[in-house]
Amino acid sequence: MSEKVFHGVPASGGIAIGPAYLYHSQGLTVSRRVLKPEEIESELKRFQEALSKTRAQIKKLEEKAKEKLGEEHASIFSAHQVLLDDPLFTEDVARIVSSDRINAEFVLHEALEKFKTVMASLNDEYFRERGGDIRDVGNRVLRNLMGKGDKDELKKLDKEIILVANDLIPSDMVNLPTETIKAFCTDVGGKTSHVAIVSRSMGLPAVVGMQNATVDIHDGDLLIVDGNKGLVLVNPRPHVIEQYRHLKEEYVAFQKSLEAFKNLPAVTPDGRRVTLAANIETPLELDEMTRHGAEGIGLYRTEFLFMNREENPSEEEQFLAYKELAVKTADHPAIIRTLDLGGDKFLSHLNESEEKNPFLGLRAIRLCLKRPDIFKIQLRAILRAAAYGPIKIMFPMISSLSEVLEAKAILAECAEELKSEGQVFRSGIEVGVMIEIPSAAIIADILIQEVDFFSIGTNDLIQYSMAADRGNESVAYLYDPLNPAILRLIRMTVEAAHKAGKWVGMCGEVAGDPQFIPLLLGMGLDELSASVSVISEIKKIIRMMPYEKAKEIARAASSVKTSEEVFEIIRDNVPEELRTILF
């Protein structure tokens, strides 16, 4: 057996060595059947019974998840109960069964296939992953319609293995015998998938998005899963196995060393204090934030509240979600980003017209300003929730001063409404904007006069500056955080904020890359917000990196012409003990 190396997305850190176990989810073959007129009533009743049975099953899964994974991960199944109220289940299937006289399982299967195609076409990882929830619920209803019962293959595992699958849905994750599974490999998925989130909470390595893992890997193959680099080695040679055993020991020791830093402040040896916050995709990650020692939330995405539904969430629903956030983060600040839809993540009920170039179209703050009815509901909910904790608000995709002024005017209008209604809310909430469009960085000195802080969103800043779609492999080489043009825009933003006596953070992926931390520190960023899984490591780096030395790196990086030269400056000028960790 020849050795092979496969690349995927590093979803959960760590190294595991063991035999592969291929899990093939049981596919459903659904037949089309034309109903007689007198069969329609009984078919609708059969569909309702399947829905009721599904509700009961999900309730059991929720209870099991609470016991096995904790309250936060159990909320996945609370969301699944809500999904059963989606028009797809409450109206659409019954309507088509009645009008077209087609059996319920075929109607539902066709709807789910169309939904799967639409979600798979999206570039936005978060929205793609949330599509798995409705497929999970829909397939459960299908199985009940067809009398297939629950899958139990995963429950029978009785030896230590590395699980290889096309995908794992939330109900799969709950049924896993965690004492026997050492790591996960999946064809699909990203860093926000349930597999990734649950893997991190369980402390198990995971590599997802491998595309062909279930084709290229066979039962019994010896695997090495490197969740740090996103590598999977199949049937490695003996010396490679020995090398990785040594790396695994080093990784375990390194992770244990991070425990000592979890509750310490991010302070350099010469006294520079930096705030380390967490990027939160879903409420499921709030517990992870606490465990990793984050000092608040630098980016709380709100799009999850609008997913998998035909109508927008009410003010009360949003208020309760944001209130929970405020209470859970306690004394630490939480920055809520207002609705950032558009580009490749439009919801059908908000998509008023098809755009030829949606990434340059009606998205984020532009959509909110055009639809103040939606925007005001969210702003009112945030203001009310801010009475329960130090919540801040942040507007995304700002490109001009007029957008900031208009958004602030609507926020002030909401505060006046709440005051006149006698509602409890917090006035004087801190307001910031994301710097993710080059025009915003160029006029940062103007924008900072109207806001309390900046947060640099490097993902879009790089994409728009380089005119390169970050999801397009053909132009991936242009998506370079160390390009001198990007560093100039970051420097302009930091200098404008500091000149005005205000703070500036960064919440893009660059802020979570350990190799970039010495440079970012030297550029003067006051806050770094990253995935919870890297916060302890970043904290250790900051506590090992003298601020004066970091400033020297930043000054040297500003005078060179290529990203390769910038990288060399970082590598060659960090302290020796850091170099062994980072490079």
Side-chain angles (χ1 to χ4, degrees), residues 1-28 116 120 125 128-129 131-132 135-136 139 151-248 251-252 473 533:
M1 294 182 287
S2 59
E3 179 186 56
K4 296 178 182 177
V5 180
F6 298 100
H7 297 262
V9 177
S12 180
I15 293 171
I17 303 172
Y21 177 91
L22 263 68
Y23 169 63
H24 298 286
S25 59
Q26 300 166 346
L28 297 172
K116 179 180 177 181
E125 178 186 314
R128 284 200 311 270
E129 301 302 345
R135 293 198 306 274
D136 192 357
N139 286 333
K151 299 174 286 184
D152 60 1
E153 179 185 346
L154 290 171
K155 300 176 186 177
K156 297 176 182 178
L157 294 173
D158 59 0
K159 62 180 180 179
E160 288 192 341
I161 54 93
I162 290 174
L163 191 68
V164 181
N166 175 258
D167 194 11
L168 291 168
I169 53 179
S171 53
D172 287 334
M173 298 298 287
V174 171
N175 287 323
L176 292 175
T178 51
E179 64 279 1
T180 60
I181 294 175
K182 302 171 77 174
F184 301 99
C185 305
T186 60
D187 290 335
V188 301
K191 290 185 177 181
T192 65
S193 65
H194 291 305
V195 177
I197 294 171
V198 176
S199 296
R200 290 194 294 268
S201 72
M202 294 164 64
L204 294 176
V207 177
V208 300
M210 291 178 60
Q211 299 184 345
N212 294 309
T214 51
V215 174
D216 297 320
I217 297 173
H218 304 95
D219 271 324
D221 281 344
L222 182 64
L223 303 184
I224 295 176
V225 177
D226 186 339
N228 304 319
K229 296 182 178 178
L231 297 177
V232 176
L233 288 73
V234 182
N235 298 317
R237 287 166 289 180
H239 78 276
V240 176
I241 297 173
E242 190 59 35
Q243 177 187 358
Y244 264 94
R245 282 186 178 139
H246 181 64
L247 288 173
K248 181 178 179 181
Y251 178 79
V252 171
E473 293 181 3
S533 61

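Residues: numbered from 1 along the sequence shown. From a predicted model like this one, the values you see are computed outputs, not experimental measurements.
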S.K.: Using the test side chain to side chain contact (heavy atoms under 4.5 Å, CB included), find all partners of H218 that sit at least two apart in sequence or belong to another chain.
M.R.: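 Scan of H218 (side chain to side chain contact (heavy atoms under 4.5 Å, CB included), adjacent residues dropped) gives D221.
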S.K.: Report yes if some heavy atom in the side chain of L233 is under 4.5 Å from a heavy atom in the side chain of F6; otherwise report no.
M.R.: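 The answer is no, as the side chains (C-beta and beyond) never meet within the 4.5 Å cut-off.
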S.K.: Under the side chain to side chain contact (heavy atoms under 4.5 Å, CB included) rule, collect the residues that match up with A213, sequence neighbours excluded.
M.R.: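 By the side chain to side chain contact (heavy atoms under 4.5 Å, CB included) rule, A213 matches V164, D187, M210, I217.
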S.K.: With rounding to the nearest 0.5 angstrom, report the NZ to CD1 distance, K248 to I224.
M.R.: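 Answer for the NZ-CD1 pair, K248 versus I224, is 10.5 Å.
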S.K.: Can you give me the closest heavy-atom contact between A20 and L223, atom names plus distance?
M.R.: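 The pair with the smallest heavy-atom distance is CB-CD1, 3.6 Å.
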S.K.: What pair of heavy atoms forms the shortest contact from I17 to K182, and how long is it?
M.R.: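 In terms of heavy atoms, the two residues are closest at O-NZ, 2.9 Å.
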S.K.: With sequence neighbours left out, what residues match A183 under side chain to side chain contact (heavy atoms under 4.5 Å, CB included)?
M.R.: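 Partners of A183 by the side chain to side chain contact (heavy atoms under 4.5 Å, CB included) criterion, ordered by chain and then number, come out as A16, I162, P205, V225.
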S.K.: Can you sort out the partners of H7 under side-chain hydrogen bond (donor to acceptor under 3.5 Å, both in side chains), two or more places apart, ordered by chain and number?
M.R.: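 Scan of H7 (side-chain hydrogen bond (donor to acceptor under 3.5 Å, both in side chains), adjacent residues dropped) gives none.
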S.K.: Assess whether side-chain contact (heavy atoms from CB on, under 4.5 Å) is satisfied between Y244 and L231, documenting all intermediate values.
M.R.: CA-CA 12 Å; Y244 264 94; L231 297 177; 4.1 Å; yes
S.K.: Can you confirm whether I241 sits close enough to H239 that some side-chain heavy atom of one is under 4.5 Å from a side-chain heavy atom of the other?
M.R.: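 When only atoms from C-beta onward are counted, H239 and I241 do not touch, as no gap falls below 4.5 Å.
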S.K.: Could you tell me the separation between the CG atom of L163 and the OH atom of Y23, rounded to the nearest 0.5 Å?
M.R.: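 Rounded to the nearest 0.5 Å, the CG-OH separation comes out at 8.5 Å.
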S.K.: At their closest point, which heavy atom of P10 faces which heavy atom of G230, and how far apart are they?
M.R.: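 Shortest heavy-atom separation between P10 and G230 comes out as CB-N, 3.6 Å.
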S.K.: Check whether T214 reaches the backbone of A165 with its side chain - one donor and one acceptor, N or O, closer than 3.5 Å.
M.R.: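 Not a single qualifying donor-acceptor pair exists.
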S.K.: Begin from the C-alpha positions of E3 and V234 and carry the test side-chain contact (heavy atoms from CB on, under 4.5 Å) through to its verdict.
M.R.: CA-CA 6 Å; E3 179 186 56; V234 182; over 6 Å; no
S.K.: Could you tell me which non-hydrogen atom of V232 sits nearest to which non-hydrogen atom of C185, and how far apart they are?
M.R.: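 Heavy-atom minimum between the residues: CG2-SG, 3.8 Å.
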S.K.: Any side-chain to backbone donor/acceptor pair from N212 onto V215? Under 3.5 Å, distance only.
M.R.: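 Judged by distance alone, no pair lies under 3.5 Å.
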S.K.: Give the minimum heavy-atom separation between G13 and N228, together with the two atoms involved.
M.R.: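 Reported closest heavy-atom pair: CA-OD1, 3.3 Å.
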S.K.: Could you walk me through whether I181 and I161 pass side-chain contact (heavy atoms from CB on, under 4.5 Å), step by step?
M.R.: CA-CA 5 Å; I181 294 175; I161 54 93; 3.8 Å; yes
S.K.: At their closest point, which heavy atom of F184 faces which heavy atom of L168, and how far apart are they?
M.R.: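 Minimum heavy-atom separation between F184 and L168: CD2-CD1, 3.7 Å.
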S.K.: How would you list, by chain and number, every residue that makes a side-chain hydrogen bond (donor to acceptor under 3.5 Å, both in side chains) with R245, sequence neighbours excluded?
M.R.: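 Per chain and number, R245 pairs via side-chain hydrogen bond (donor to acceptor under 3.5 Å, both in side chains) with no residue.
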